[in-house]
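For reference, the structure is listed below as structure tokens.
One-based numbering along the sequence shown.
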Amino acid sequence: MERPAPLHLVVPATLLDARAATERVVNLCGRFGTEDRAHYATAVMEWLVNVVKHSYGHAAGAQIAIRVVAGPEAIELMVEDTGSGMAPWEFEAAPSELLFDHADLAALPESGMGLAIIKSVMDSVHYQSEHGINRLTAVRRWER
């Protein structure tokens with residue numbers, strides 16, 4: 001199978017543009033089955049929504065840079081923004097899996113699960129915030 005060319009996008013930091021960017025990123029995931037593809041799409045969308053809502057606070061004119069490389073073993077996603085970001089220790093402290101009582105779905109929190117979703121879907125996730133640039137790098141192997 002021929003590898004797709006790397007994808008480089010700079011998109012407005014809006015929820016609508018985050019959705020469109022997610023669709024473009026997921027188009028590079030042809031090696032995933034339906035379920036893995038859906039999980040990957042959810043993780044990408046969660047991060048982009050976090051940037052729009054929390055890093056930029058829906059600020060007009062803000063942008064998100066996205067780079068995706070589909071390699072022979074994995075797909076790598078890098079997202080950069082210049083919003084307020086978060087302290088790296090906050091990212092590290094977020095759980096790596098969704099912990100909730102399956103019998104009590106009404107008790108699910110309405111927010112705060114995005115980082116756990118991202119960490120549970122990706123094989124490696126690194127976040128840094130330096131010199132005004134926030135960068136998430138996430139890798140997901142094709143085969144797990």
Side-chain angles (χ1 to χ4, degrees), residues 1-102 105 108-144:
M1 176 188 281
E2 189 176 315
R3 283 194 327 201
L7 176 66
H8 299 273
L9 301 171
V10 177
V11 299
T14 69
L15 295 176
L16 187 59
D17 289 296
R19 179 178 177 189
T22 298
E23 289 174 8
R24 294 213 32 212
V25 168
V26 173
N27 283 337
L28 298 178
C29 296
R31 292 181 60 184
F32 284 145
T34 303
E35 187 174 341
D36 285 336
R37 192 177 175 107
H39 290 171
Y40 189 82
T42 300
V44 171
M45 186 67 183
E46 282 290 338
W47 187 258
L48 296 179
V49 167
N50 281 346
V51 170
V52 171
K53 289 173 66 175
H54 303 296
S55 190
Y56 285 127
H58 296 279
Q63 294 185 321
I64 304 170
I66 303 164
R67 180 179 151 272
V68 184
V69 178
E73 302 295 323
I75 186 165
E76 180 183 58
L77 168 73
M78 185 179 4
V79 178
E80 292 183 343
D81 69 83
T82 57
S84 62
M86 71 174 78
W89 64 265
E90 290 177 297
F91 183 84
E92 294 302 323
S96 296
E97 59 185 304
L98 292 173
L99 302 173
F100 61 93
D101 182 355
H102 294 280
L105 295 180
L108 275 172
E110 290 186 29
S111 65
M113 297 189 333
L115 294 180
I117 290 170
I118 294 161
K119 288 181 172 184
S120 69
V121 168
M122 302 297 184
D123 291 307
S124 70
V125 184
H126 178 73
Y127 174 79
Q128 66 185 50
S129 183
E130 296 178 338
H131 310 294
I133 298 174
N134 309 306
R135 180 179 300 120
L136 174 88
T137 304
V139 175
R140 174 64 158 68
R141 293 187 315 270
W142 297 119
E143 302 294 329
R144 290 179 120 181

[X] side, atom [atom1]; [Y] side, atom [atom2] - distance, nearest 0.5 Å:
X    : Y    : atom1 : atom2 : answer
L115 : Y127 : CG    : OH    : 9.5 Å
I118 : M45  : CD1   : CE    : 11.5 Å
Q63  : E80  : CD    : CD    : 12.5 Å
K119 : E46  : NZ    : CD    : 13.5 Å

Main-chain N/O of [Y] paired to [X] side chain as donor or acceptor, under 3.5 Å:
X    : Y    : answer
S84  : S55  : yes
D123 : R141 : yes
K53  : L15  : no
W142 : G71  : yes

Could you tell me which non-hydrogen atom of [X] sits nearest to which non-hydrogen atom of [Y], and how far apart they are?
X    : Y    : answer
G83  : D81  : N-OD1, 2.9 Å
A41  : T22  : O-CG2, 3.6 Å
V139 : A74  : CG1-CB, 3.7 Å
P88  : S129 : CG-N, 4.3 Å

Problem set entry | Residue list, salt bridge (Lys or Arg N to Asp or Glu O under 4.0 Å) with E90, at least two apart or on another chain |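 E90 satisfies salt bridge (Lys or Arg N to Asp or Glu O under 4.0 Å) with no residue once adjacent residues are dropped.
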Seminar exercise, completed: Sorted by chain and residue number, the salt bridge (Lys or Arg N to Asp or Glu O under 4.0 Å) partners of R24 (sequence neighbours excluded) come out as none
Donor-acceptor pairs are to be reported for all side-chain atoms of residues 4-14 against protein atoms at under 3.5 Å, with residues two or more places apart or in another chain.
from	atom 1	to	atom 2	distance (Å)
T14	OG1	D17	N	3.0
T14	OG1	D17	OD2	2.6

Exercise. side-chain contact (heavy atoms from CB on, under 4.5 Å) with T137: which residues, sequence neighbours excluded?
Worked result: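 If we apply the side-chain contact (heavy atoms from CB on, under 4.5 Å) test to T137, skipping adjacent residues, the hits are E76, M78, R135.
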Expected list for residues 32-39: side-chain donor-acceptor pairs under 3.5 angstrom, two or more places apart:
from	atom 1	to	atom 2	distance (Å)
D36	OD1	R140	NH2	3.1
R37	NH1	C29	O	3.2
R37	NH2	V26	O	3.3

Problem set entry | With Y56 via ring pair (Phe, Tyr, Trp, His ring centres under 6.0 Å) - residues at least two apart |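 For Y56 there are no ring pair (Phe, Tyr, Trp, His ring centres under 6.0 Å) partners, ignoring immediate neighbours.
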Side chains of [X] and [Y], heavy atoms from C-beta outward: is any pair under 4.5 Å?
X   : Y   : result
L48 : I66 : yes
V52 : I64 : yes
Y40 : L77 : yes

